[in-house]
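In what follows, chains carry the letters A, B, and so on, assigned in the order in which the sequence lines appear, proteins first and then strands, with residues in each chain numbered from 1. Keep in mind the model is a prediction, meaning the values are calculated, not measured.
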Protein chains: 2
Amino acid sequence: MRIKALNPVHERTQNIMAFPRSDKFDHELLCLADTARALSHPGRLAILALLARRNECICGDIVEELPLAQATVSQHLKVLKEAGLIIGTIEGPRICYCVDWKAFEKAASGLANWFSGIQSRTSCS
Amino acid sequence: MRIKALNPVHERTQNIMAFPRSDKFDHELLCLADTARALSHPGRLAILALLARRNECICGDIVEELPLAQATVSQHLKVLKEAGLIIGTIEGPRICYCVDWKAFEKAASGLANWFSGIQSRTSCS
DNA sequence: TTATCTTATCGTATAGCGACGATATATATG
DNA sequence: CATATATATCGTCGCTATACGATAAGATAA
């Protein structure tokens, strides 16, 4: 039973961590901002690093490792899932989380491209 | 009259946009999270892009270009300044903003390094 | 000095985030 | 079915972010 990442990185986040229906800005900027927002908490960065290191974790593993309560970890996992960066697989009574590498790379290259795009737009280096 | 970026990217943000209870996580993660947070609003991304495109802007230019009020733009500029990404230069009655490219590149490579570090920590590619 | 221009700051309102205890949900096992 | 395990969700609290009008602060020009 595979649970896909809720949102591909090229779409907007839907529930949590979504900007108030701001049609004021480009879709691209909104997506990048969403990605950055998903990465804007040290706990979520630590979760991603842990998932990468161990290849996969259940929620309890993460709770053991991080200085956060179970409910808090679960909330961060939800944010990461909605950002499309991680995947949850149901394995009996527990849920096995792992990084969605495809989406992760997409997010990484999205940010990297924006950075280099910005940098190339200057004349004085 | 040069006003340096308030905080180098390798230090923590001080006033606005700083995480509470920062002693729970690694300094590195906190810095990365701060950087991501500074980039987590489409308006700030748009401001950075605009500054890169025009090389430099006064606040009024940005207000003209973005769908945000002057006070709001000024607040975003403050966040970017505190994140160490932009520099303000006083020129008579106005303040000329430009990207702090050195810090910008540091932020970019910091994120890129984290991404590749994460990606290299997996066995199943 | 006075008027003008530009930007920062203040005050305020609303919404969102972060954290966690408590509880509900879901799955397996006895 | 009852119990144990694992996780999501709920409810709540305090704090932070976003936004903007109004005002203050700074520099310049008349």
>> Between C1' on dG18(C) and CZ on Phe25(B), what's the gap in Å once rounded to a whole number?
In response: 11 Å
>> Whether Lys78(B) contacts dT9(C) is assessed here as follows: a side-chain N or O lying under 4.0 Å from the phosphate OP1 or OP2. Is that the case?
In response: yes
> Given atom CG of Leu66(A) and atom P of dG18(C), what is their separation to the nearest angstrom?
Replying inline: 14 Å
>> Just the rounded figure in Å: distance from P of dG26(D) to CD of Glu91(B).
In response: 19 Å
> 5'-most contact on DNA chain C: His76(A) or Gly92(A), nearest heavy atom basis?
Replying inline: His76(A)
Would you be so kind as to tabulate the donor-acceptor pairs closer than 3.5 Å made by side chains of residues 107-116 of chain B, with sequence neighbours excluded?
residue   : atom : partner   : partner atom : Å
Ser109(B) : OG   : Glu105(B) : O            : 3.1
Ser109(B) : OG   : Lys106(B) : O            : 3.1
Asn113(B) : ND2  : Ser109(B) : O            : 3.2
Ser116(B) : OG   : Ala112(B) : O            : 3.3
Ser116(B) : OG   : Asn113(B) : O            : 3.1

>> What is the distance, to the nearest angstrom, from the CD atom on Glu82(B) to the C1' atom on dT9(C)?
In response: 13 Å
>> With a 4.5 Å cut-off on side-chain heavy-atom distances among I, L, V, M, F, W and Y, is there a chain of contacts connecting Leu85(B) to Ile58(B)?
In response: no
>> Please check this pair: side chain of Arg44(A) against backbone of Arg37(A), looking for a donor-acceptor N/O pair closer than 3.5 Å.
In response: yes
>> Counting only side-chain heavy atoms from C-beta out, which of dC20(C), dA17(D), dA22(D) sits nearest to Arg37(B)?
In response: dA17(D)
> Roughly how many Å is it from CD1 in Ile90(B) to C1' in dT6(C), rounded to a whole number?
Replying inline: 12 Å
> Between the side chain of Arg94(A) and the main-chain N/O of Cys59(A), is any donor-acceptor distance below 3.5 Å?
Replying inline: no
Check the interface with nucleotides 4-7 of chain D: list each N/O to N/O pair with the protein under 3.5 Å, or write none.
residue : atom : partner  : partner atom : Å
dT7(D)  : OP1  : Cys59(A) : N            : 2.9
dT7(D)  : OP2  : Gly60(A) : N            : 2.9

> Taking CZ from Arg44(B) and C1' from dA17(D), how many angstroms apart are they, rounded to a whole number?
Replying inline: 8 Å
>> Using a 4.0 Å heavy-atom cut-off, does Ala69(A) contact any base of the nucleic acid, only the sugar-phosphate backbone, or nothing at all?
In response: sugar-phosphate
> Between Leu68(B) (CG) and dC20(D) (C1'), how many Å, whole number?
Replying inline: 10 Å
> Distance from Asp100(A) atom CG to Ile86(A) atom CD1, nearest 0.5 Å?
Replying inline: 9.5 Å
>> Does dT18(D) have its OP1 or OP2 closer than 4.0 Å to a side-chain nitrogen or oxygen of Thr72(B)?
In response: no
> Which ring-ring contact (aromatic ring centres under 6.0 Å, His included) pairs, counting each pair once, include a residue from residues 45-71 of chain B, with sequence neighbours left out?
Replying inline: none
> Ser74(A) side chain to Ala71(A) main-chain N or O, any donor-acceptor pair under 3.5 Å?
Replying inline: no
> Between atom CG in Leu39(A) and atom C1' in dC17(C), what is the gap in whole Å?
Replying inline: 16 Å
